[in-house]
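Read through the structure below, which is laid out as structure tokens, and then see the notes.
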Amino acid sequence: MPKIQVLDKQIAELIAAGEVVERPSSVIKELVENSMDAGATVITVEIRRGGTTFMRVTDNGCGISPEDVPTAFLRHATSKITRQDDLDSIMTLGFRGEALASISAVSHVELLTKAAGEQSGVRYVCGGEEEPRMEEAGCPEGTTIIIRDLFYNTPARMKFLKKDSTEGNSIAGVLDKLALSHPEISFRFIRDGKETLRTPGDNKLSSAIYGVYGKEFLSTLIPVEYEYEHVKVTGFISSPAGSRPNRSMQNFFINGRYIRSRTAMAALEEAYKGSIMVGKFPACVLHLSLSFGAVDVNVHPAKLEVRFVNERPVFDAVYHGVKSALNAGDKPKTMELKRPVVQPFAPVQEKQEQVRFPEPPKTASGLPKPNMPIQRPVSFHDSAPKEKSFHSFADRVLDQEPKPLPERQSTKGIVSEKPQQERQPAEQPKPIVREFHSRIIGEAFGTYIIVEYSQDELMFIDKHAAHERLLYEKLKENSGNTEAQTLLSPVAVTLDKEEYSAVLARRDELFRAGFEVEDFGTGTVLVRSVPLLLDGGDAASAIMEIAGYLASFKKDFTTEHMDWVYHNVACRAALKAGDVTKTEELIALAEELEQNPQVRYCPHGRPVYILLRRREIERQFGRS
């Protein structure tokens, strides 16, 4: 039996560090929370190479007295709690006393601090196996901590770090949450020499949201202010029109601490029922204030989950607060029409050349033109027995050129006018013999195409499922060469930092799928082109949904995951159930389906069509 022995202090610290320090963003979170607990009103974070080589956190808080500096780096050394009862009502963000000891165990640390009233500051250097050194130094009031070479002595942990851009975006996401949690603090984030975040610290939540997510996201929000049974709810929620395809933009804060709460999330989404589509989720920045003794924050290593003594008041406060805000703030969209500017009438000297418009597309849904004659709309230059001129009013009224009178001829008692130049009759399209062997009977419920498939069978085609699968197969076949359309105005899409990082990391794959996306900074991407099949108005919602999916598979993005992107585009571009569809489009869809017998299921796995045999129908009528 192996002998039980006490681990060396160094090994024990490395193990314990793994609970607190998982990646650079966890280091920043611990250090910034310490600065906030120290009463700082201005906090600056600077990183290089995603934080792996250099991180610096500077604040103007109360600082640390010289005699307390060495103690601060000992495990379980803290000024936040002093007795067991303090754990029942934790009022600070940090309280365990593990952060500095864990960080110094896996990096090189340099501390500069000066407490209020001290003549000079202190410089303290420690980390790894080095002996700590402390000396007097000149510095402003507050604390600056510099972290270098994270995980230099634990290469196994180093190899699990992501790309520098991914780690940097993770830090940005942490700072976003911290900035939203305390709008009274001014946050500044410098990344590889470039400032990417600055909040004013004016104690206005709207200002912090503007600094984190931008003006466009802020413009879609509705203010919330409500109190119920000593639970106060304040903040902002998105309008129903600003709903999103996932929950990544739901931010909940309890007493200034960012948390994940199923209770608050369920209450929020319950309040939106009947206001947003199924599968869509609201966004929010909601602050909940309640007694510190009514919530336990010491249940999760990262302090992200909490437990409530009584969940019912929390649920009711969020639900009724959001519901009241929606009733008061969700205004119907209004359309403003500008008054037309009347131009002064001026004679036209000469006629402008008439413009011939291009032929309309094959069909509205992008389906191939069916093998049947479809009458072409009259062109501006087509001739007809009746005058079809679309000349401007000025052309017809001010035409001063004399014209010879038309000759009148009588043909079997009918008087006709012969113009000066003989007009050629419009060329009519020649009918094409259809190769489709089935017969379209019609459409049921705006969803199912009814086809007499053979003498003994009826086919019911789900037009959305069929069209979706056919488009999906085309996108897969043209993978890497998907036709794209450039948007007239690029669309800015605000994303969560994890989604933002995932989209930027997969720009090449998205480009091959028809999406041209570029970095617009501060968690926003600019969409310049979308697949030709996709309506440009769907660009923002498509990118948000794809971004959420990419963020879920950022570690292992395979060909199967790329197929999901094609599926998403095909689903959005396909004919929808209940849509009014032209007869020629239904025929074209049935023809294309007949030419692709391998298409039997949509990408969701639902059947594209079902067959009803004649004998089954006759049995219902007692004919068999």
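What you see is a predicted model; the values in this text were computed from it and never measured.
Of the N and O atoms on the side chains of S501 and N169, at least one donor lies less than 3.5 Å from an acceptor on the other residue. Residues S248 and N246 have side chains that bring a donor and an acceptor to within less than 3.5 angstrom of each other. A donor and an acceptor atom, one from each side chain of S170 and K497, are nowhere located under 3.5 Å apart. When only modelled atom types and interatomic distance are considered, N568 and E545 share a side-chain donor-acceptor pair under 3.5 Å. Between the side chains of Y213 and D176, no donor-acceptor pair is found at a separation under 3.5 Å. Side chain to side chain, R572 and S541 meet the donor-acceptor criterion of an N or O pair below 3.5 Å.
Crowding of F520 atom CZ: a count of heavy atoms from other residues, nucleotides or ligands under 6.0 Å not exceeding 12. Within a 6.0 Å sphere centred on CZ of R247, other residues, nucleotides and ligands contribute more than 12 heavy atoms. Other residues, nucleotides and ligands contribute more than 12 heavy atoms inside 6.0 Å of the CD atom of Q485.
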Run the side-chain hydrogen bond (donor to acceptor under 3.5 Å, both in side chains) check on T581 and K463 step by step: do they pass?
CA-CA 10 Å; T581 310; K463 67 180 183 183; 2.7 Å; yes
Check against side chain to side chain contact (heavy atoms under 4.5 Å, CB included), T199 and Y210
CA-CA 8 Å; T199 60; Y210 183 92; over 6 Å; no
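A salt bridge is absent between D462 and R469: the closest approach of a Lys/Arg side-chain nitrogen to an acidic carboxylate oxygen does not fall below 4.0 angstrom. Taking 4.0 Å as the cut-off between side-chain N and carboxylate O, K582 and E585 do not count as a salt-bridged pair. Under a 4.0 Å N-O distance rule, the pair E518/R507 does not qualify as a salt bridge. Remark: R48 does not engage D192 in a salt bridge, criterion side-chain N to carboxylate O under 4.0 Å. Note on K474 versus E592: salt bridge recorded, some NZ/NE/NH1/NH2 to OD/OE distance being below 4.0 Å.
Closest approach of V491 and L487 over heavy atoms only: CG2-CD1, 3.8 Å. Taking both residues in full, the closest heavy atoms of C602 and V608 are given as N-CG2, 3.6 Å, listed atom of the first, atom of the second, then distance. Listed here is the closest heavy atom pair of P240 and L326: CD-CD2, 3.9 Å. The shortest non-hydrogen separation linking A484 to S529 is CB-OG, 4.2 Å. Across every non-hydrogen atom of L218 and S206, the tightest pair is CD2-O, 3.7 Å. In terms of heavy-atom proximity, R23 sits nearest to E167 at NE-OE1, 3.0 Å.
Side-chain atoms of E591 and E594, non-hydrogen and from C-beta on, never get closer than 4.5 Å to each other. Put simply, the side chain of L205 reaches to within 4.5 Å of the side chain of F236, judged on heavy atoms. You'll find the side chain of C284 reaches within 4.5 Å of the side chain of F252, heavy atoms only. Looking only at side-chain heavy atoms (C-beta outward), E473 and Q598 stay at 4.5 Å or farther from each other. Counting heavy atoms from C-beta outward, T234 and L286 have side chains that stay 4.5 Å or more apart.
You'll find the ring centres of F460 and Y448 outside the 6.0 Å limit.
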